[in-house]
Every structure is written in C-alpha cells, then in structure tokens.
Visitor: 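Sharing a structure, written as structure tokens. Questions coming.
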Amino acid sequence: MLESYSYVFLFSILSVIFVSIVTIVPKLIAPKAIGEKKLTTYECGEEPIGDAWIQFNVRYYLVALLFVAFDVEVFFLIPWAMVFKDLTGLIFWFEIVLFVGILAFALIYAWAKGVFEW
Amino acid sequence: MDLAMIADSIIVKVILSIAGVMIVFTINALFATWLERKVAGHIQLRLGPMEVGFHGVLQGAADGLKLIAKEIITPKGVDKKLFALAPYLAFFPTLLMFVVIPFSDKLQVRDLNIGLLYFFSISCIATIGIFMAGWASNNKYSLMGAVRSIAQSIAYEIPIILSILSVVIITQSLKLSEIVSYQSKFWIVLVQPVAFVVYVISAIAELNRTPFDIPEAESELVAGFHTEYSGMRFAVFFMAEYTNIFLVSAMATTLFLGGWRGPFFPPVVWFFIKTYALVFFIIWVRWAFPRLRPDQLMSFCWKFLTPVALLNLLITTFFMKIF
C-alpha cells in the first residue's frame, strides 16, 4: 500500500522537475527585449486603469455554498454505493432517497429563491 | 540475475513507469494539438497546418521549439510568487492522474484500490492553479476568467461524481482494474447511457472547452486566466489542458466503454483507439457549437444536469433492488 503511494509522491516530484526545467531553459537561451512598456498589464493596448484587485460582485457565493452541501452529500454517498449490493431490502433505498431528498429540497428552495438567476 | 528478476526490481519499475508516462504525455501533447488544428481546419473548409512534416504532423514540435526560444515575461503589476507557482499547480495533477490509468491488463503504473476516487480528487487541484494564475496576474480579464472558472468547475463536479457513482454502484469497486474486468461481457455504457452522457457533458465543462469555455472566452476575455502568461509558462498551461482532454477521455473509456477490451488488436491499441475517438469527439464539439452565456451555463448545470444525474442514480438503485 505504502509502495503504491510512493509512486504518487514520485510523480509529483517529476511534475515539479518538468515544469522547472521548461521554465528555466528559456531564461538561459531566449533573447531579451528591452523596454518598459513590455512589462505593463495587458488591457487591449490601452494604459491599464487601476488594479484588478478590487471589490466586485462575485455572484457565485450562494452557488458555492450549495456546492459545499452537495459535495458533502456525494462524499457520504460513496461508502453507501460501495456496500450497496450487500444491503438487502428496499428500506436502505428509501433511506438514501430521504437523504438525497433533503438536499434536493435545498436545491429546489435555492431555485425558487432565484439563486440561479442573474 | 535473469530477466524476470530485473523486470521485478523496483528501480526498473520506477524508471519504466516514468519513461512510459512521459512518452504518452509528450506524444499526446503533440498529437492532440495537431489533431485539434487539423479538425478545426477541415470543419472550417481549410487545410490547417500543412508545412511541417506530413500534413503538418510535426507542427506541435515546431511550436514547442519556438516557445522554448521565447522570453518569459513577468509583468510588473503581478504577484510574482503566485504568478510563478500557478503553472506548477495547473500541471501537477495531470502527471499524477496518469498513475491509475489502466492502459492494458498489465500496463498500469499503480492499481490503487481507491483509483477512481483518487483520479477525481487529484483532478480538482488544477482549479486552484487556474484561479491562482488569474488572481496573481492583476489583470481584469484574467480575474474574470478565474472567477468564472471556479464557479464552473465546482458546479460541474457534482454531476460528474454522481454519474461515476452509478458506475460504482454497478461494479461495487473503486479499483479501475476491477471496473474494466467487470465489463468483460458488456460495456457499462449500455446499462448506464444517461450517466455516460452526463459524464461527457460535465467533462467538457470541467475542461473549460467550448461550448463551456467562458473562463477563456477569446472574444470577450482575450485569453482568460492565462492572458499575462508568455513563452513556456503559457505552454505549461496549454500542455496541461491537452493532457487533461486525454485523461478525461481515458477515464470515460475505462468506466463506460470497456477499457482496453476488444477483439483482434492488442489491449493497448484498443485503449488508444477508444480514447482518441472520444478526444476527437470533444474537439468536434468545440468547433460545432457556439459558446454559452455564464448564466445559461450555471442554470444548465444546476437545473438540468444535477437533477438528471441524481434521478438516474436513484432509479438505477431502485431497479437493482427490485430485480
């Protein structure tokens, strides 16, 4: 088991090495242009107006909350899916319908509240 | 020491798996970019790249060489550390996801017992890289692209996981080799067509490709989150994107299309035939459909795909309990 995950570790090191090499080699061999203007932020050829780091309405905040709820739901569904064939009787199915139904109700509530409209 | 012992020793295994993954990664990056430009060309009644090699096959290699000889510019407004770190994070999951892909019955780097879960949890890291790139750039277009990318990635994660759950319920395993061996008689797509369609649609959205490419919508956001990236740093994002197309198709092949199984040809050949058929399909979709608006995209996910995937899961389990 540990040996398997050592491969995961190995490949993460490999990816870091790969990106390092391909970004360092151009620094050594690429020609460099001189000038101040090349370092300005791109804004379709105009002088950039102000920072991009300002407050603005993200809109996705409520959607993100909904995502967290559903992600945790899926997280609980995975163990259930793994043992599903061993469970006998429809009662286990109704239990999961109840569980999914509560969250589906949250989705319907958010829908009716207009979270998905903008 | 005889050959079996050499093949068994851990250093040889490590070297072989690294070499194998890097070869598949490189060839795919070159081939997929060429395929994209060629398909785009022919769909638009032009020829696409023709100059480098036979029908432009080596165009990707030529572009790579050109990009290595380009200066990497770090604009003065950016958050320098995050700006340099973002390509690492965007690229990091692509190589890690190769670890569990079963190319054939014997060609698999590691057959983790939670392979499926591992694949989809690792794939989420790329979103952090994309957001980091957009935020660190200090560019309005990049930031907009990054915010949209987050919203889209998290929204489409739900249907993608619900659709793979339907597969898990049938096969009762998260181990990819067991999922493939389950499909020795029939492909799972035959019993789970809805899950397959949901998977492919959400996968295209996760990849940020047209018709779901609002994070990098060229006509409104220049290049989205990688507007400020140049040279090889841009190429890293680009390679990650094309590798992800391959990986998502490879996973669809494994889960729904019987993996490496098939008559006459060796397993590896079947695996690549199926995977590249899906890659071709994803490219075809890009050049055939217009882009959606952000609000259409979000409502399509939450009002249509997620309920459909949930219902599919419940109906599947209901019929499995009845029969």
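The figures that follow rest on heavy atoms only: side chains count, while hydrogens, waters and symmetry mates do not. Keep in mind the model is a prediction, meaning the values are calculated, not measured.
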Visitor: Checking Thr171(B) side chain against Ile179(B) main chain: does a donor-acceptor pair fall under 3.5 Å?
Guide: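 Not a single qualifying donor-acceptor pair exists.
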Visitor: Check each atom of Val68(A) against the heavy atoms of chain B and say whether the ones under 4.5 Å are side chain, backbone, both or neither.
Guide: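 Contact with chain B: none, neither part.
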Visitor: Show me the side-chain donor-acceptor pairs of residues 80-93 of chain B shorter than 3.5 Å, one per line, residues at least two apart or across chains.
Guide:
{"residue": "Tyr88(B)", "atom": "OH", "partner": "Ser20(A)", "partner atom": "OG", "Å": "3.1"}

Visitor: With only heavy atoms counted, which part of Val14(B) is less than 4.5 Å from chain A, the side chain, the backbone, both or neither?
Guide: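 Its backbone and side chain both get close to chain A.
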Visitor: Side chain, backbone, both or neither: which part of Leu143(B) has a heavy atom under 4.5 Å from chain A?
Guide: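 Interface part for Leu143(B): side chain.
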Visitor: Identify which part of Ile170(B) has an atom lying under 4.5 Å from any heavy atom of chain A, answering side chain, backbone, both or neither.
Guide: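 Contact with chain A is through the backbone of Ile170(B) alone.
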Visitor: What part of Leu66(A) gets within 4.5 angstrom of chain B, counting heavy atoms only: side chain, backbone, both, or neither?
Guide: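 Both parts, backbone and side chain.
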Visitor: Heavy-atom pairs under 4.5 Å with chain A are the metric here; pick the option from Lys303(B), Met232(B), Met22(B), Arg233(B) that has the most.
Guide: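 Most heavy-atom pairs under 4.5 Å with chain A: Lys303(B).
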Visitor: Below 4.5 Å, heavy-atom pairs only: which of Val21(B), Leu96(B), Val168(B) has the largest tally toward chain A?
Guide: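 The answer is Leu96(B).
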Visitor: Is it true that atom CZ of Phe99(A) has more than 12 heavy atoms of other residues, nucleotides or ligands lying nearer than 6.0 Å?
Guide: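 Above 12, so yes.
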Visitor: Quick one: of Leu162(B), Leu117(B), Leu165(B), Val236(B), who has the most non-hydrogen atom pairs under 4.5 Å with chain A?
Guide: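 It is Leu165(B).
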Visitor: Pick one of side chain, backbone, both or neither for Lys32(A), based on which atoms fall under 4.5 Å of a heavy atom in chain B.
Guide: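 For Lys32(A), heavy atoms of backbone and side chain both lie under 4.5 Å from chain B.
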Visitor: Does any backbone or side-chain atom of Ala136(B) lie under 4.5 Å from a heavy atom of chain A? Answer side chain, backbone, both or neither.
Guide: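 Just its backbone gets close to chain A.
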Visitor: Hey, can you tell me if His226(B) and Phe237(B) have their rings parallel, tilted or perpendicular (30° and 60° cut-offs)?
Guide: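 The arrangement is tilted - the two ring planes meet at 30° to 60°.
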Visitor: Considering only heavy atoms, which portion of Val8(A) lies under 4.5 Å from any heavy atom of chain B: side chain, backbone, both, or neither?
Guide: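 When you check distances to chain B, atoms from both the backbone and side chain of Val8(A) fall under 4.5 Å.
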Visitor: Identify, with sequence neighbours excluded, every residue that meets side-chain contact (heavy atoms from CB on, under 4.5 Å) alongside Ile13(A).
Guide: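 In terms of side-chain contact (heavy atoms from CB on, under 4.5 Å), with neighbours along the sequence ignored, Ile13(A) is linked to Phe9(A), Ile17(A).
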Visitor: Step by step, would you call Ile169(B) with Met320(B) a side-chain contact (heavy atoms from CB on, under 4.5 Å)?
Guide: CA-CA 9 Å; Ile169(B) 278 180; Met320(B) 279 177 72; 3.5 Å; yes
Visitor: Apply ring-ring contact (aromatic ring centres under 6.0 Å, His included) to the pair Phe11(A) and Phe98(B), showing each step before the final yes or no.
Guide: CA-CA 9 Å; Phe11(A) 273 81; Phe98(B) 270 111; 8.2 Å; no
Visitor: So for Lys70(B), is it side chain, backbone, both, or neither that comes closer than 4.5 Å to the heavy atoms of chain A?
Guide: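 Contact with chain A is through the backbone of Lys70(B) alone.
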Visitor: For Ala81(A), does its backbone N or O pair with a side-chain atom of Gln172(B) as donor and acceptor, under 3.5 Å?
Guide: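 Flag set: sc Gln172(B) to bb Ala81(A) pair under 3.5 Å.
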Visitor: Please check if the side chain of Thr306(B) supplies one atom and the backbone of Pro159(B) the other of a donor-acceptor pair under 3.5 Å.
Guide: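 Not at all, since once roles are kept as given, no pair shorter than 3.5 Å links the two residues.
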Visitor: Could you have a look at Phe94(A), Trp111(A), Trp80(A) and say which one has the most heavy-atom pairs with chain B under 4.5 angstrom?
Guide: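 Answer, by heavy-atom pair count under 4.5 Å with chain B: Trp111(A).
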Visitor: Which of residues 310-317 of chain B have a heavy atom under 4.5 Å from any heavy atom of chain A?
Guide: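 Checking residues 310-317 of chain B against chain A gives Leu310(B), Leu313(B), Leu314(B), Thr317(B).
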Visitor: Using a cut-off of under 4.5 Å for heavy-atom pairs, which of Ile29(A), Val19(A), Leu10(A) has the most such pairs with chain B?
Guide: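 The option with the most such pairs is Val19(A).
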Visitor: Please examine the side chains of Tyr118(B) and Val99(B), heavy atoms only from C-beta on, and report whether any two atoms are closer than 4.5 Å.
Guide: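 Sidechains of Tyr118(B) and Val99(B): in contact.
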Visitor: Please check: side-chain N/O of Ser299(B) versus main-chain N/O of Gln296(B), any donor-acceptor pairing under 3.5 Å?
Guide: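 Yes, the answer is positive, given that a donor and an acceptor are paired below the 3.5 Å cut-off.
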Visitor: Please list all pairs passing the side chain to side chain donor-acceptor pair (under 3.5 Å) test where one or both residues lie in residues 135-145 of chain B, with sequence neighbours left out.
Guide: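 For residues 135-145 of chain B: Glu43(A)-Lys140(B), Asp51(A)-Asn138(B), Asn139(B)-Glu228(B).
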Visitor: Measure Ile68(B) against the heavy atoms of chain A and call it side chain, backbone, both or neither at under 4.5 Å.
Guide: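 Contact with chain A involves both backbone and side-chain atoms of Ile68(B).
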Visitor: Checking Leu107(A) against chain B: side chain, backbone, both or neither under 4.5 Å from a heavy atom?
Guide: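 Interface part for Leu107(A): side chain.
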Visitor: For Ile72(B), is it the side chain, the backbone, both or neither that has a heavy atom under 4.5 Å from a heavy atom of chain A?
Guide: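 Answer is side chain: those atoms of Ile72(B) sit under 4.5 Å from chain A.
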Visitor: What pair of heavy atoms forms the shortest contact from Leu247(B) to Thr94(B), and how long is it?
Guide: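 Leu247(B) and Thr94(B) have their closest heavy atoms at CD1-O, 3.4 Å.
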Visitor: Is Thr243(B) reaching over with its side chain to a backbone N or O of Met239(B), donor-acceptor style, under 3.5 angstrom?
Guide: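 Such a contact is found between Thr243(B) side chain and Met239(B) backbone.
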